[in-house]
Amino acid sequence: MKASRARLFKEYKEVQREKTADPDIQLVCDDSNIFKWTALIKVVSKQKNGGKKKIGPSETPYEGGVFQLAFAVPEQYPLQPPQVRFLTKIFHPNVHFKTGEICLDILKNAWSPAWTLQSVCRAIIALMAHPEPDSPLNCDSGNLLRSGDMRGFQSMARMYTRLAAMPKKG
């Protein structure tokens, strides 16, 4: 447990130092428990329309969204992966719609102690941009992609992004 605390304190210091270097990920440690973290994924990409910045993996139906993740870090970390789930509803084949559980190999059998909480966030951003419909936790989303209905998938994903992950206007 001492090793995991030391590692998490090191990551905490790194996150504080790197805030400006990685503005699209905001990792926050719980004030009373170093094993509980949350993250906001706000991937900023410059768009051609007058240089305005948009949030969310660009050219995906998640563009413009801010997605919150919850991390439960085990005492055996970094030898075991953290449990990560979306708190923000998202329509994605590799995310369980009700629980927010994420199907990602690095969070299961491909975990390595070289991964950090920050790099896990990066991997989740990559998964958002490149879904794997052959191992779906959300069958509706996976079936749309497997059947080639990109328009249907993107329409549903955009709708849920607007409903759950975009700041309310007014």
Side-chain angles (χ1 to χ4, degrees), residues 15 19 22-33 35-47 49 52-74 77 80-111 115-170:
V15 164
K19 273 185 181 175
D22 209 351
D24 48 342
I25 298 170
Q26 184 182 350
L27 258 170
V28 180
C29 178
D30 183 284
D31 288 339
S32 61
N33 186 347
F35 295 100
K36 300 275 182 225
W37 293 64
T38 57
L40 288 178
I41 293 179
K42 305 181 291 186
V43 180
V44 178
S45 60
K46 289 185 176 135
Q47 301 297 309
N49 56 350
K52 285 187 179 175
K53 289 184 176 182
K54 289 205 171 191
I55 300 170
S58 65
E59 298 175 22
T60 74
Y62 311 110
E63 189 172 49
V66 177
F67 298 87
Q68 188 174 16
L69 302 170
F71 285 75
V73 182
Y77 181 81
Q80 288 184 357
Q83 290 182 324
V84 187
R85 65 186 181 90
F86 275 89
L87 295 177
T88 307
K89 290 280 183 221
I90 182 171
F91 188 77
H92 189 284
N94 308 112
V95 180
H96 191 284
F97 189 75
K98 288 188 172 145
T99 66
E101 177 190 351
I102 303 166
C103 181
L104 183 61
D105 60 351
I106 64 151
L107 296 175
K108 309 274 189 268
N109 57 345
W111 174 256
W115 287 92
T116 64
L117 302 182
Q118 186 92 358
S119 59
V120 168
C121 288
R122 285 251 155 257
I124 291 169
I125 290 168
L127 182 68
M128 289 170 74
H130 305 285
E132 296 288 339
D134 292 332
S135 61
L137 282 174
N138 179 329
C139 291
D140 293 335
S141 177
N143 288 340
L144 285 170
L145 286 173
R146 282 200 308 265
S147 69
D149 188 355
M150 282 302 287
R151 187 173 175 195
F153 164 74
Q154 290 185 340
S155 174
M156 291 292 291
R158 261 194 305 276
M159 179 187 77
Y160 279 105
T161 298
R162 282 191 197 111
L163 290 172
M166 287 187 164
K168 306 289 183 261
K169 292 179 179 152

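Each residue takes its place number in the sequence, starting with 1.
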Taking the side chain as C-beta and beyond, is there a heavy-atom pair between [X] and [Y] under 4.5 Å?
| X | Y | result |
| --- | --- | --- |
| Gln118 | Val15 | yes |
| His92 | Ile102 | no |
| His130 | Thr60 | no |
| Thr99 | Arg85 | no |
| Pro81 | Ile106 | no |

Can you tell me how far [atom2] of [Y] sits from [atom1] of [X], rounded to the nearest 0.5 angstrom?
| X | Y | atom1 | atom2 | answer |
| --- | --- | --- | --- | --- |
| Arg122 | Leu117 | CZ | CG | 14.0 Å |
| Leu27 | Thr38 | CG | OG1 | 7.5 Å |
| Lys42 | Asp24 | NZ | CG | 9.0 Å |
| Met159 | Arg162 | CE | CZ | 10.0 Å |
| Met166 | Thr88 | CE | OG1 | 12.5 Å |
| Phe153 | Arg158 | CZ | CZ | 9.5 Å |

- Item | Aromatic ring pairing Tyr77/Trp111, orientation class (parallel under 30°, perpendicular over 60°, tilted between) | tilted
What's the shortest heavy-atom distance between [X] and [Y], and which atoms?
| X | Y | answer |
| --- | --- | --- |
| Ala39 | Phe71 | CB-CE1, 3.8 Å |
| Leu137 | His96 | CB-N, 3.7 Å |
| Ala123 | Leu104 | CB-CD2, 4.0 Å |
| Ile124 | Val84 | CD1-CG1, 3.8 Å |
| Thr116 | Ser119 | N-OG, 2.7 Å |
| Leu145 | Pro93 | CD1-CG, 3.7 Å |

- Query: Can Phe86 and Met128 be said to form a side-chain contact (heavy atoms from CB on, under 4.5 Å), step by step?
  - Reply: CA-CA 12 Å; Phe86 275 89; Met128 289 170 74; 4.1 Å; yes
- Can you list the steps and then say if Val120 with Leu69 is a side-chain contact (heavy atoms from CB on, under 4.5 Å)? CA-CA 11 Å; Val120 168; Leu69 302 170; over 6 Å; no
- Query: When you look at Phe67 and Thr161, which way does the side-chain contact (heavy atoms from CB on, under 4.5 Å) test go after all the steps?
  - Reply: CA-CA 9 Å; Phe67 298 87; Thr161 298; 3.9 Å; yes
- Item | N/O donor-acceptor pair under 3.5 Å between Asn138 side chain and Phe97 backbone | no
- Message: Would you say that more than 12 heavy atoms from the other residues, nucleotides or ligands in this model lie under 6.0 Å from the NZ of Lys98, or not?
- Response: no
- Query: Is Asn33 atom CG crowded by more than 12 heavy atoms from other residues, nucleotides or ligands, each under 6.0 Å away?
  - Reply: yes
- Query: Checking side-chain contact (heavy atoms from CB on, under 4.5 Å) for the pair Phe91/Leu144: CA distance, chi angles, key distance, verdict?
  - Reply: CA-CA 11 Å; Phe91 188 77; Leu144 285 170; 3.9 Å; yes
